[in-house]
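Below is one structure, written out as structure tokens, with a few remarks after it.
In what follows, chains are A, B, ... by sequence order, proteins preceding strands, each numbered from 1.
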There are 2 protein chains.
Amino acid sequence: MPPAAPAKAPRKTAGRPVNSTITHERIVSVALEQIDRVGIHAFSLRDVARSLDVYPSTIYWHAASKDALLADVSSLVMAGVVPPRGEGDWRDWMRKLFNRYRKSIRKHPNVAQLIGAQLASNASLSIALIEGVIDALLEAGATETNLREAYNCVISAMMGFMTMELAPLPTDDPEGWAAALEARVRSVDPLAHPTLVRHLPLLANKAFILRWQNGSEVPLNSSFDAHVEIFLAGLEAFLQRPVGSGA
Amino acid sequence: MPPAAPAKAPRKTAGRPVNSTITHERIVSVALEQIDRVGIHAFSLRDVARSLDVYPSTIYWHAASKDALLADVSSLVMAGVVPPRGEGDWRDWMRKLFNRYRKSIRKHPNVAQLIGAQLASNASLSIALIEGVIDALLEAGATETNLREAYNCVISAMMGFMTMELAPLPTDDPEGWAAALEARVRSVDPLAHPTLVRHLPLLANKAFILRWQNGSEVPLNSSFDAHVEIFLAGLEAFLQRPVGSGA
DNA sequence: ACCTGAACACCGTTCAAGT
DNA sequence: ACCTGAACACCGTTCAAGT
């Protein structure tokens, strides 16, 4: 039987539910809570079942598989990120899109890799996103010869940075690993790598590969802002460029 | 006992190895082969042990944990991606870096997410990468007020796109899922989403969210090239921009 | 030093059986 | 229709014991 069930146990025999609300939405919601707490790696269906005080097999009545459930979790987190067409030009709309994506994902940092791995392959509710990006790109002057490339770059720019910013650190022995990396970083030979050592104070724990805390503890706000501006400036140059290579 | 062991079984009693070559490197190499075949999701230490015809616990003499082993696998794949300082300006060096990273990772597509999730937090052999990027940025005119931001953008641009391009599709029922997505994509209402439908032929199976095969089957070459050019143009604009916001 | 062999505490998923 | 209860085929990791 499912362990724990500390006090209340309203019903423990098979049959249709009396007043239980084991809906699909509740399962997704509990799954998201678990992921927020323990991360994607340690997340398990059996924990979800325990939280709901049901058997693991119950989950399978409401969800097809673990992967399907995770897809629904990422859809839930993505809900509402796509800005309305509203006023403002395509630059404003894209800036808004990027910032809203960041805000949504920062509420559930552990879902970042899920989205990177699943939105890339899952259409769920994101038709609004696709159409919004296409419209913005057409407004920016995209043509048949560069629309696909520009579209792919927008999607990857939106998600790529944050996937990395929120990439999980080694879970086993967290502060031991942090101390080891910090020591190793601080003991780099100044003669062999002078520029690295000189700029270490600027980068330590605030730059990829050189950090021992991830983006949910040490956000990379200014870098994300730079990322957005770099992308928008580069995109405009790309779309205004003379014809030539397109395939 | 470990199953299979079809024909040869040179030694099956405990003790020091007679002539076995169960080195750390061989374990990492076999692990990479497994990942290439079955993907990160289905990869297991026990399979590696089976391939080497040893008990799972043997792995733990040569590696600290599964995560540590995976870190070594990604280091192996990353070996040799950092270009030498050589001739050419910082733009050439960075273009080379991006393209060599792409070439290396395309040989082992399933490792892409590993790198995205681990290089972001693991220093392994990548001091050459860090120093190379810093040097290139200084040559490009980066200063104390924007070096960190530019550095983070370079690293995320290098890995972000390919992490998405090679993101795994649902593994269970692959062609069933592909058919379902394709059908759903082709049945979008033209009245509700006119621009999407109009540009569908251009995007179908060649654009994020709208594809049913991932980057190892349908590469996004021209989009990656666009991504690199967009980033380089945007980066130059960012570095040449007047002082102002930097924190 | 390096491996066997067994055990521990988990997984996702399936399926008959209940009500 | 919706859940129990048990089972199947796995995992990563630990640890005593062998040589």
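B/His62 places its NE2 atom 13 Å from the C1' atom of C/dT4, with the value rounded to the nearest Å. At whole-Å resolution of the value, NE2 in B/His24 and C1' in C/dC3 are 18 Å apart. With rounding to whole Å, B/Trp61 atom CH2 is found 17 Å from D/dA17 atom P. Between the P atom of C/dA16 and the OH atom of A/Tyr60 lies a distance of 17 Å, rounded to the nearest Å. Rounding to whole angstrom units, OH of residue A/Tyr55 and C1' of C/dA17 are separated by 13 Å. Rounded to an integer number of Å, the gap from CD1 of A/Ile27 to C1' of D/dC2 is 11 Å. One can place CD1 of B/Ile40 at 15 Å from C1' of D/dG12, the figure rounded to the nearest angstrom. B/Asp67 has its CG atom 17 Å from the P atom of D/dC11, to the nearest Å.
The line from NZ of A/Lys206 to CG of A/Asn221 is 10.5 Å long, rounded to the nearest 0.5 Å.
Remark: A/Arg50 is in phosphate contact with C/dC11, judged by side-chain N or O atoms under 4.0 Å from OP1 or OP2. At least one side-chain nitrogen or oxygen of B/Thr58 sits closer than 4.0 Å to the OP1 or OP2 atom of C/dT4.
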Using the rule given for ring pair (Phe, Tyr, Trp, His ring centres under 6.0 Å), can you reason through A/Phe224 versus A/Tyr101, listing the C-alpha separation, both sets of side-chain angles and the distance that settles it, and then say yes or no? CA-CA 12 Å; A/Phe224 180 81; A/Tyr101 175 71; 8.3 Å; no
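Between B/Ile209 and A/Ser126, the shortest heavy-atom contact is CG2-OG, 3.5 Å. When all heavy atoms of A/Arg148 and B/Ser222 are compared, the closest pair comes out as NH2-OG, 4.4 Å.
Candidate nucleotides C/dT13, C/dA1, D/dT13 were compared by shortest atom distance to the side chain of A/Arg46, and C/dT13 ranks first.
The aromatic ring centroids of A/Phe231 and B/Phe231 lie 6.0 Å or more from each other.
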Taking Watson-Crick (N1-N3 plus N6-O4 or O6-N4) and G-U wobble (N1-O2, O6-N3), each under 3.5 Å, can you produce the dot-bracket string of DNA chain D? Use [ ] for crossing pairs and | for inter-strand ones. ||.|||||...|||||.||
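B/His41 and B/Asn110 form no side-chain donor-acceptor contact under 3.5 Å, judged by distance and modelled atom types alone.
Place A/Ala64 and A/Asp47 on DNA chain C by their nearest nucleotides, and A/Asp47 ends up nearer the 5' end.
Put simply, the side chain of A/Ser57 and the base of D/dG5 share a donor and an acceptor less than 3.5 Å apart.
Every residue meeting the side chain to side chain donor-acceptor pair (under 3.5 Å) condition with B/Ser223, not counting sequence neighbours, appears here in chain and number order: A/Asn152.
In this structure, B/Ser44 reaches the sugar-phosphate backbone alone: every heavy-atom distance under 4.0 Å involves primed, P, OP1 or OP2 atoms, never a base.
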